[in-house]
Amino acid sequence: MEQIINRLDLLRKAMKQQGISACIIPGTDPHASEYIAEYWKERQWISGFDGSAGTAVVTLHGAGLWTDSRYFLHAAEQLEGTGIELMKQGLSETLEILPWLATQLKAGDRVGVNAQMFSLNAYSSMKSELKMNDLELVSLDLLAMVWTDRPSLPLKPFFVFETQYAGKSTTEKLELVRAEMKKAHADVFVISGLDDIAWLFNIRGNDVDYNPVVIAYALVETDKATLFIAAEKLTDETTEYLKGQVVTVEPYLAIYDKLKNIKASNAVMVDGGKLNQALFESIPSECAIRNTMSPVFKLKSVKNEVEMEGVRKAMAKDGVALTRFFIWLEEGLKSGNLSEISVSDKLREFRSQQENFVGESFGTIAGYAAHGAIVHYSATPESDAKLKAENIFLLDSGGQYLDGTTDITRTVALGTPTAQQKTDNTLVLKGHITLAKALFPVGTRGTQLDILARKAMWDLGLNYGHGTGHGVGHFLCVHEGPQSIRMDENPTVLVPGMMISNEPGMYRTNEYGIRIENLVHVVPAQKTEFGQFLKFETLTLFPIDQHLINFDLLSSSEIEWLNDYHQRVYQTIAPKLNEYEREWLSKKCTPYVSKG
Ligand code: ZN
Ligand code: ZN
């Protein structure tokens with residue numbers, strides 16, 4: 001607390017010196033990443049708040065921290081005594097950042113931000129909104145002046161992601177990117193997204209938690225590709241590899257000079273939703289700008305056959321690990337010693353015994369009883385609940401294998417479930433099955449399918465507050481775009497090869513949470529006189545808890561889907577198990593036969 005007050009003092013001194021009245025400090029990095037390296041944790045340094053989402057705003061006389069409901073309690077504790085006010089996002093009485101600033105500042109005041117931390121789209125909309133209030137947005141890295149002992153950037157070596165897993169070489173991928181550049185009449189393409197770079201150059205590393213990305217920038221020109229990366233991260237092998245793919249290597253920050261020297265006659269392609277404003281400002285103003293969604297973002301979302309073959313292997317391994325884990329859980333439950341954290345650790349251990357396992361794809365969400373109702377719950381030593389042979393348990397977890405990335409949620413009854421728990425779970429399952437069975441024409445967007453997962457709940461006035469599906473990377477980020485299945489508009493059309501999650505849920509505050517999540521893959525279905533249709537192939541392989549199902553609420557075709565799914569799970573996983581495990585799995589996959 002003392003420390004935070006001192007840091008705020010330092011920052012305000014610097015602000016006064018620079019003639020700045022307020023500064024906005026978000027929790028991101030220059031690559032618009034979801035998980036960031038310690039080096040860039042500016043919001044955490046200035047406020048003490050370490051949640052994954054939140055923005056700090058400091059004026060000469062006050063300060064606020066904006067975060068969403070999952071962090072209200074946590075942030076309140078961490079901000080106590082610092083003088084930073086908790087601004088609860090999503091509540092009607094809470095002003096958003098810019099309107100709040102308008103109430104705190106006077107006409108002509110200057111607002112400073114580190115332009116590296118904002119995409120050029122976000123920066124320009126912020127600039128015009130401030131201007132409406134006679135406030136000026138200034139790009140100025142104030143934190144660099146006061147945070148002098150920051151940790152260094154990760155300098156660990158990266159590795160080559162072999163074509164045997166990636167399916168396409170960098171040379172082939174560069175050709176695809178150049179074809180897209182040509183369509184857009186662009187001569188140069190600036191890439192800042194770390195997963196875009198990892199995919200394009202077939203490199204992986206461990207610079208941040210959970211996402212095997214490598215901190216770098218890249219530039220693709222019609223006759224040249226350059227990777228901007230710290231020299232310390234290169235080995236003889238990776239240097240040799242990049243040379244072989246005709247990729248030039250330059251120091252990480254050399255990209256700024258490189259951009260400044262782009263010929264005025266060149267057209268530069270940028271993804272304004274991702275490229276940071278500081279890089280954008282380095283591009284000569286004479287250059288024509290093609291602000292469009294990164295072609296790599298789109299290419300990467302459509303998995304090739306080799307990637308999909310890998311994903312299927314990863315799913316089978318995940319199914320084996322989960323089988324061993326749930327057997328262990330059922331037995332351990334009797335001891336009364338299992339807790340949310342201890343089971344998460346054990347699950348990681350089971351996954352790590354699988355071939356080509358690299359790490360987890362995100363922090364496991366293990367939510368027992370009421371904790372399951374907190375959508376992004378992450379157990380801490382203080383909250384760590386003991387699992388008892390009653391109520392229900394939600395477990396959302398995933399693995400990174402060289403073959404692919406997994407993400408699965410299962411909700412299981414640890415005792416005898418109540419009628420309401422069974423009804424709720426069955427409604428979630430109906431949504432899950434309806435989406436899994438969807439047949440849709442070419443050109444359909446995820447937004448249009450979202451209702452399939454919600455209809456059974458909406459019919460009863462029930463709903464869930466999160467998206468139904470997110471794209472998933474291939475041994476990359478577990479959250480990947482541009483496709484999604486959610487209520488928000490998204491113009492991206494679903495095309496064969498896209499991988500996406502199917503994860504409806506239901507949350508009863510202070511009671512329990514339910515979510516059933518499988519990953520699916522878009523594949524062609526039949527062609528009719530009305531055109532080509534598409535469907536989903538479910539990839540995840542692990543049984544859905546039948547104790548939590550009220551079969552009277554399922555139609556015969558829903559039961560048929562479930563029985564078929566369980567049969568496929570058993571047939572794929574059973575050969576990889578010992579007899580005892582097979583026996584256990586066979587019980588979980590027993591087809592339901594209606595008594596009627
Ligand atoms: Zn998940
Ligand atoms: Zn997910």
Side-chain angles (χ1 to χ4, degrees), residues 34-35 52-53 70 195 209-212 301 303 311 314-315 317-319 321-322 325-326 340 343-344 347-348 350-351 359-368 371-379 392-401 404-412 425 428-429 431-432 435-436 446-447 449-450 452-454 464-488 490 492 494 498-507 512-522 536-545:
E34 185 180 355
Y35 294 95
S52 70
R70 59 196 149 127
D195 56 341
D209 293 339
Y210 307 119
N211 298 335
S301 70
K303 273 54 181 174
V311 168
M315 293 296 172
K317 288 190 271 193
D318 229 34
L322 283 160
F325 166 79
F326 274 103
E340 292 166 335
V343 303
S344 303
L347 176 55
R348 186 186 316 116
F350 279 115
R351 274 206 174 94
E360 292 176 302
S361 58
F362 57 95
T364 296
I365 300 170
Y368 177 61
H371 287 165
I374 305 166
V375 174
H376 294 273
Y377 176 70
S378 158
I392 60 182
F393 177 49
L394 182 155
L395 187 68
D396 188 352
S397 68
Q400 294 284 13
Y401 303 87
T405 302
T406 65
D407 177 8
I408 170 173
T409 312
R410 286 294 180 269
T411 307
V412 296
N425 183 68
V428 173
L429 179 60
H432 180 95
L435 183 60
T447 312
L449 299 181
D450 184 73
L452 298 177
R454 296 181 196 265
Y464 52 94
H466 56 76
T468 303
H470 56 84
V472 178
H474 177 254
F475 183 39
L476 263 181
C477 305
V478 76
H479 295 141
E480 176 180 284
Q483 76 275 25
S484 62
I485 298 175
R486 46 191 309 136
M487 288 176 67
D488 318 58
N490 177 347
T492 307
L494 297 176
M498 279 181 173
M499 219 166 108
I500 200 160
S501 68
N502 170 0
E503 50 179 310
M506 167 112 65
Y507 308 92
Y512 55 83
I514 293 164
R515 185 158 64 248
I516 301 173
E517 175 181 29
N518 281 344
L519 298 188
V520 301
H521 174 225
V522 182
F536 294 121
E537 173 199 347
T538 292
L539 299 163
T540 303
L541 296 166
F542 189 74
I544 291 165
D545 187 7

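First listed ligand is number 1; within each ligand, the first listed atom is number 1. Computed over heavy atoms, backbone and side chain alike; hydrogens, waters and symmetry mates excluded.
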Taking atom types as modelled and ignoring hydrogens, do the side chains of T447 and N490 form a donor-acceptor contact shorter than 3.5 angstrom?
no

Can H479 and Y210 be counted as having a side-chain donor-acceptor contact under 3.5 angstrom?
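Per modelled atom types, H479 and Y210 side chains form no pair under 3.5 Å.
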
Using the ring-ring contact (aromatic ring centres under 6.0 Å, His included) criterion, which residues pair with [X]? Sequence neighbours excluded.
X    : answer
H371 : Y377
F475 : F161
F326 : F542

In the shown structure, where waters are left out, how many protein N, O or S atoms lie under 2.8 Å from the Zn ion (ligand 2)?
4

I'd like to check F362 versus Y35 (side-chain heavy atoms, cut-off strictly below 4.5 Å). Are they in contact?
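Yes, close enough: below the 4.5 Å cut-off.
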
